[in-house]
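Order of appearance sets the numbers: ligands from 1, and atoms from 1 within every ligand. As the structure is a prediction and not an experimental result, all values here were calculated from the model. Just so you know, residue 1 is the first one in the sequence shown, and it goes up from there.
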Amino acid sequence: MASGDHNQQDTRKIAEYVIKNIDTALENGWIKVYYQPVIRSLTGQLCGAESLARWVDPELGFLSPDKFIGALEASRQIHKLDCFIVNKVCSDISERINNGLDAVPVSVNFSRLDFEATDMLKVLEDAITKYDIPKDYIHVEITESMIVSDADLMRRVIDSFRDAGYEVWMDDFGSGYSSLTLLKDYYFDTLKMDMDFLKSFTDRSKSIMTSAISMAKDINIMTLAEGVETAEQVEFLKCIGCGMLQGYFYGQPMPVDKFFAHIEEFGITIEPRQWRHYYQEAGFVARYTNEPLEIIEDDGENFRTLFMNDEYKRQIQLKTSISLEELDNLIYKTKSPLLKKYREFANKLEATKNLETFYYTYNGNILCLQAKEIVEHGGRHIIKASNRNISMDINLRKQNNVDNKLKELNHIFESVLVINPSRNTIAPLLGNFAYSGRDSDETIGVLSENIKRMADNIVAATDREKFLEFADFETLGERIGHSEKGFIENIFRLRQRDGNYAWREVAIMMIPGTHGKEFMISTKATADDAQKVLARNTAVFDISHYSNANLDPSLFTKMWENILSDASVKFFWKDRNRRFLGASKAFLEFFELTIDDITGKTDEEMNWHINNADFHNDEIDVLNEGAYIKNAPGQCIVNGVVHNIMTNKSPIYVNGQIVGLMGYFIDIDQELERLDELYQARRLDSVTGLMNLAALAEVSKSYSQNYLSNGVDFTLLIIRNDTHQRIIKDFGEDFANRLLKKIGDTIVESSEGSGAVAKCLSSDFALLTNICDPSELDILKNNIQTELGKIKELDGNNITLKIRIASKLRSDEGITDENMYSAVLQEFM
Ligand code: C2E
Ligand code: CA
Ligand code: CA
């Protein structure tokens, strides 16, 4: 009892002291800002910090917030502390940035009384401007109890901070009683789960956290757990997809220097600004689910698992205790041929951005992997994937159609489709099923249509009819029944991924145990020698596929003559021995040759390639194997100058025999030059599509002519974004360019056709206009400022623009045509 009284007395004494001395404390630097790390759970990187106030008193020593916050609130002085903290935090951040070090966003704590006492938004805006830091470095924490105590005021506060471009975070979520309603009525960017949940860490609190985090993700709110103290808690929070972690496990609140030293000592790296949005997006995907779920990062070369739930591990038959690192070693750091297919698969889904499906065998199981790209930045991709072991699927097992042979299929076959004529379905089972005729994961459709589509899209035109007969499901059962081997097969030319046609053996068999209800159609490469024999037989293409079959032969000849003499295509044709038979006019002109110079000669005899062997081998392939060479890069020499060229070659068939080849090439240097000229001629800036400096100079000549001859005055405005360099540094050149494009578009729109807009150096844009009236000019400038002010993010990344506009009239004192541009730039000094 007595000691309790004693403490109470102490507390009251300290409170009185605090109330009396806050001004002195602020002046003398007794108030310190401590930072506590916030960790991104997917990557383990430092992604933020919370600022927490400390009072280090010369008399009373170290005071934690519970000793002074209450007293300052009671005496209506808390805003003094919070204003100080805001400024100190901004100053600490700017110091990091100015020293070229990575900084992280800091969340600051406010009291409700701050908003009654002063305009906290203005305080924050002033600090941001004074220390010149981007707005996304400061987040504002608001507690549930603050809202409960004055709902109207807090709504206005939350809206105004968010409108101004700051994230507002809900602190201590779950500590009060109205949390859920608050989420419905107020918009928050992040939800900070109260540390009480982790204190108890019972099944009950775990399941509440699990649902709260799922719910937050559903409504697009980021998640953070406070009070993380143990590895077990970290494991659990990662599992349920909690986005950020904060607590003693990663570090206590510390002064800024100690903070960064501590981070380094613990081997924690700092998340650079440009990756923030990317990992936030990835974070939204990680969540608790009974479905198999994996999140992978692909940097273009390597894969890294960021998240994998137990169900996923179960599907691929791994122990749930396996760590992500062990997992990566097992799956991605191998030389397995599967990895190569996996790489192709990743490339594909990164190109299409669609949900893609991939079937493969692993440890004798058949797995169906479905994956989709979530976000991409700077060549890195986040992929969300699910994986299902379909050989574990009870239905499949019942049908008994997955015997051991089938399991080894993808070592033999390139693709396998399962066909069920009575259900009218066709479904891919193995391989990348380029042959299913469609590249999506859709597996069910009208059978006859799918077969027709397959024939149209991938079977060479000349083989189409034969294929449709072969794949006729009306008679299939019968034909297979009559076959000795129990399956039927035939050979067709099928289009490959690279666009070339190749011979493939296609087989259809009845799936064992389905009593003739299901069939399997598979494709595989023919043996090499068979390929060669077959290639000589017939042409892939038939003129009747490209023109009216009744084409008048004399017209056809004329057409050919025209192409030979007029077209700019450089082409040639050769006999079986690679000797030139002829070439187009463009070809001969390019090499400055006549037809007599080349007829009967081979390339080697002409001596014009640097790398004769490649050309030679390509041609042998065309002539002997019917290969189609597409866009083969190479170099050739003309009059001593080396040209980079790209060559295409294809066989010429007569009566099923290859009698020669024809080819054409593109001179890349010439092509580029032509494109360059096109650009030059239009004098456009390639980033923004607006006029470039050269064009601006041209246009301003017209304006000044009009001024000198007709007295029509004009204004040159230059619009500059002062944060341009920082944006390049933080986000890279590509991103900065996309922003410039957006700025340019906005200037064009907001200037409403009042003049000519050009992109100048760095981030400068110029606007030439005949608007010269001061008030009209002000309206124009304000318009541009306002519209550009609305750009607060790009591709989901928060950015802060600082736009300045300077201008001069041609009639202004001392202005000449020559000095006008630099005179406007002077205004920025
Ligand atoms: P809060 O905003 O909920 O801050 C989190 C508190 O939890 C901090 O206490 C922090 O030190 C503590 N904490 C962090 N990780 C762990 C952990 O793993 N385990 C445990 N047991 N505790 C952990 P602190 O710094 O004493 O701050 C207490 C409260 O004082 C804060 O609660 C906040 O409401 C208030 N406060 C702190 N600084 C400021 C400020 O600058 N302005 C205002 N208005 N309030 C402040
Ligand atoms: Ca807080
Ligand atoms: Ca809190």
Item to check | Approximate separation, where rounding is to 0.5 Å, of Ile85 CD1 and Phe110 CZ | outcome: 10.0 Å

Checklist entry - Which distance, rounded to the nearest 0.5 Å, do you find between the CD of Glu229 and the CG of Leu198? => result 8.5 Å

Do [X] and [Y] sit within salt-bridge range, that is, some charged N less than 4.0 Å from a carboxylate O?
{"X": "Asp23", "Y": "Lys80", "answer": "yes"}
{"X": "Asp730", "Y": "Arg726", "answer": "no"}
{"X": "Glu73", "Y": "Arg112", "answer": "no"}

Next on the checklist: If the cut-off is 3.0 Å, does any N/O/S atom of Asp194 fall short of it from the Ca ion (ligand 3)?
Outcome noted: no

Item to check | Glu141 backbone or side-chain N/O/S under 3.0 Å from the Ca ion (ligand 3) | outcome: no

Do any N/O atoms on [X] end up under 3.5 angstrom from N/O atoms on ligand 1?
{"X": "Tyr248", "answer": "yes"}
{"X": "Gln246", "answer": "no"}
{"X": "Ser64", "answer": "no"}
{"X": "Ala53", "answer": "yes"}
{"X": "Ser51", "answer": "no"}

For [X] and ligand 1, answer yes if some heavy atom of the residue is under 4.0 Å from a ligand atom, otherwise no.
{"X": "Asp171", "result": "yes"}
{"X": "Arg54", "result": "yes"}
{"X": "Gln252", "result": "no"}

Checklist entry - Are Phe236 and Phe201 an aromatic pair by the rule of ring centers under 6.0 Å? => result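 Centroid separation for Phe236 and Phe201: below 6.0 Å.
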
Checklist entry - Looking from the Ca ion (ligand 2), what is the angle between OD2 on Asp171 and OE2 on Glu50, to the nearest 10°? => result 170°

Next on the checklist: Quick check on contacts: which atoms of ligand 1 are under 4.0 angstrom from a heavy atom of Val228?
Outcome noted: 18 (O)

Checklist entry - atom 3 (O) of ligand 1: which of Asn109, Asp172, Ile69, Leu245 has the nearest heavy atom? => result Asp172

Next on the checklist: If I consider every N, O or S atom in Asp172, which one ends up closest to the Ca ion (ligand 3)? I only need its name.
Outcome noted: OD1

Item to check | Side-chain donor/acceptor of Asp299 to backbone N/O of Glu301, under 3.5 Å | outcome: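 Here the side-chain-to-backbone pair exists.
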
Next on the checklist: Report whether any nitrogen, oxygen or sulfur of Asn109 sits less than 3.0 Å from the Ca ion (ligand 2) (N, O or S, backbone or side chain).
Outcome noted: yes

Checklist entry - Are Arg155 and Tyr186 in a cation-pi setup, meaning NZ or CZ lies under 6.0 angstrom from the ring centre and within 45 degrees of the ring axis? => result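 Flagged: Arg155 positioned over aromatic ring of Tyr186.
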
Next on the checklist: Can you tell me which residue among Thr746, Asn721, Asp722 is in a side chain to side chain contact (heavy atoms under 4.5 Å, CB included) with Leu801?
Outcome noted: Asn721

